[in-house]
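Data first, discussion second: the structure below is written as structure tokens.
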Amino acid sequence: MTAALHYIATDWGQMFPLLVENTWLTLYMVVVTLIFGGLLGLALGVLLYTTRRGSILQNGVVYNVLNVVVNIVRPIPFIILIAALGPLTIVFVGTTIGPNAAIFAMVIGATFGIARIVEQNLVTIDPGTIEAARAAGAGPWRIIFTLLIPEALGPLILGYTFVFIGIVDMSAVAGAVGGRGLGDFAIQYGYSRFNWEITFVVIVVIVVLVQLVQFLGNWLARKALRR
Amino acid sequence: MNSEERAIVSTIVQFDNVSKVFTTTQQVVTAIDGVSLSVEEGEIFGVIGYSGAGKSTLVRLVNGLERVSSGTLTVAGQDVGVMRESDLRKVRLGIGMIFQQFNLFNSRTVAGNVAYPLRVAGWKKADRDSRVAELLDFVGLLDRAHDYPDRLSGGQKQRVGIARALATSPKLLLADESTSALDPETTQEVLRLLQKVNRELGVTIIVITHEMDVVRSIADRVAVLENGRIVEQGAVFDVFSNPRTETARRFISTVIRNQPSPGDLDRLQRTHKGRIVNVEIHESLRIGTLLSHAFSDHGVQFEVVYGGIGAIQDRSFGSLTLELNGPPGGVDSLIASLQSVTSVEEVRS
């Protein structure tokens, strides 16, 4: 054990309200990102799936453009993506500092990640069921909403649960570059001040949070899959 | 028959020199090659062929799941070859379809599956519910309405498929290899149901299959498809009692195993000293009466050594292999008298 570990006694009377506030901030950023990134990613993933060759909205140009854009954005490390999105963030949010600026970059990052997960889950749907829906007279939009999404719901829920953890990770990175939240809190009060106790408590909070969401996701997916 | 005469009377599906070409970056494949045929209202029309013959493509042209490349395809008076996709959707409401793998929606209950086409057609919930109950009663699955498809057996799944296909009371039902994934007993159960659909509801059915038994059991007329072309078509009995192509002949041999194979013939010739002949049996031939005179008229004794008699479309049909013993002249005259009423083929070593 290093001396640093014992050097500063944590003042929990001061730290606890900060911990609570930052936990809420993280939850706020993650939930808002999950909602907007989730919806945008769903739309993008559905488009990727339905515009591919032989699918219900087959369109080579749209598919290739989307596919290339997703492939370009997805491999960019999130910390660099935030920096690169700076000018756009100023246009849309007005600042690059604070939770809302972080959310903007997180939504962009999450959208592209989720798009691939959605596409991959839709690919597993039996094409025969889509044919049956077409034979019944259903159009592409009806097929998307009444067949594709319901048929893939279980795996989609698990996919979103998986993404949730990725977004928590993003929020910590975003915190480090001006976003606030648990990541920022752990770095400012834990890492920078050699206060391992704070860092440790933040880890526990995040682990509990992720476990709760994973549990909820599994439960919902089981309901959707009726297993 | 003249196809234009039929069109006035009751033709529901008319192919006129229809072709379907698939173009990929690597190659051009002609799946359907100049097919002409007409399906009459109220009949069960079979299309039989080996896998890769183009059967599934042929049936998908009818409801526009695949689009015609050339030729004219008329369904219930409408040219589906030139229709827009949005108009085709309305046509599809009047055409049911069932599939080899049933293609039920796993995210919906049995009732939800059957209700799906009704939702598409814009029915109100109360009307949907009563129609679904009526259909499930018709296929005998009313008690499984709230189960999910993964709880059902193959035969039950196909019955749900049939109920779903009939939901909007279509005049035409397309059955794409609808019994190929089922065991023989369940196949018969589903075929009986299709027959009931045809007879009680007056639904015209196009049955696509590679199983001769399916055609023999329920079809009125049949087309034999090979490499995207129709090589034979006509009434089931006519085509199969008098096949003109090797393909048709092979299909018949899968259900009527009454012709001895070369191996059987070797054995028969080793174990029987007399002359061996195959005699074709058909409805009006009184073979017993004819043979009862064999000895008195020709001095010939006979033995039945192979063969069988079955039925196609409720008409007797088959072949018997006979060993004939007697003076050469007598055997010749017996063969000649049989040949005057049916086809006789002598087996020589």
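From a predicted model like this one, the values you see are computed outputs, not experimental measurements. Values below: every heavy atom of this structure, side chains too, minus hydrogens, waters and symmetry copies. Throughout, protein chains are lettered first and strands after them, A, B, ... in sequence-line order, and every chain is numbered starting at 1.
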Counting heavy atoms not belonging to [X], are there more than 12 under 6.0 Å from its [atom1]?
| X | atom1 | value |
| --- | --- | --- |
| B:Phe138 | CZ | yes |
| B:Phe22 | CZ | yes |
| B:Tyr50 | OH | yes |

Got a second to check how far [X]'s [atom1] is from [Y]'s [atom2], nearest 0.5 Å?
| X | Y | atom1 | atom2 | result |
| --- | --- | --- | --- | --- |
| B:Ser107 | A:Leu147 | OG | CG | 6.5 Å |
| A:Leu225 | B:Tyr148 | CG | OH | 11.0 Å |
| A:Thr146 | B:Tyr116 | OG1 | OH | 2.5 Å |

Legend entry - Interface residue of largest heavy-atom contact number with chain B, from A:Ala152, A:Gly154, A:Gly128, under 4.5 Å: A:Gly128

By a 4.5 Å heavy-atom criterion (distance strictly below it), what part of [X] contacts chain A: side chain, backbone, both, or neither?
| X | answer |
| --- | --- |
| B:Phe105 | both |
| B:Asn106 | both |
| B:Leu174 | neither |
| B:Gln100 | neither |
| B:Leu65 | both |

Give the minimum heavy-atom separation between [X] and [Y], together with the two atoms involved.
| X | Y | value |
| --- | --- | --- |
| B:Arg89 | A:Gly139 | NE-CA, 3.5 Å |
| B:Thr23 | A:Arg53 | O-NH2, 3.7 Å |
| A:Thr129 | B:Leu104 | CG2-O, 3.3 Å |

Legend entry - Winner by heavy-atom pair count (cut-off under 4.5 Å) against chain A, out of B:Arg119, B:Lys90, B:Gln101: B:Arg119

Legend entry - pair A:Arg134-B:Arg60: side-chain heavy atoms closer than 4.5 Å: no

Legend entry - A:Ala133, part contacting chain B, at a heavy-atom distance under 4.5 Å: both

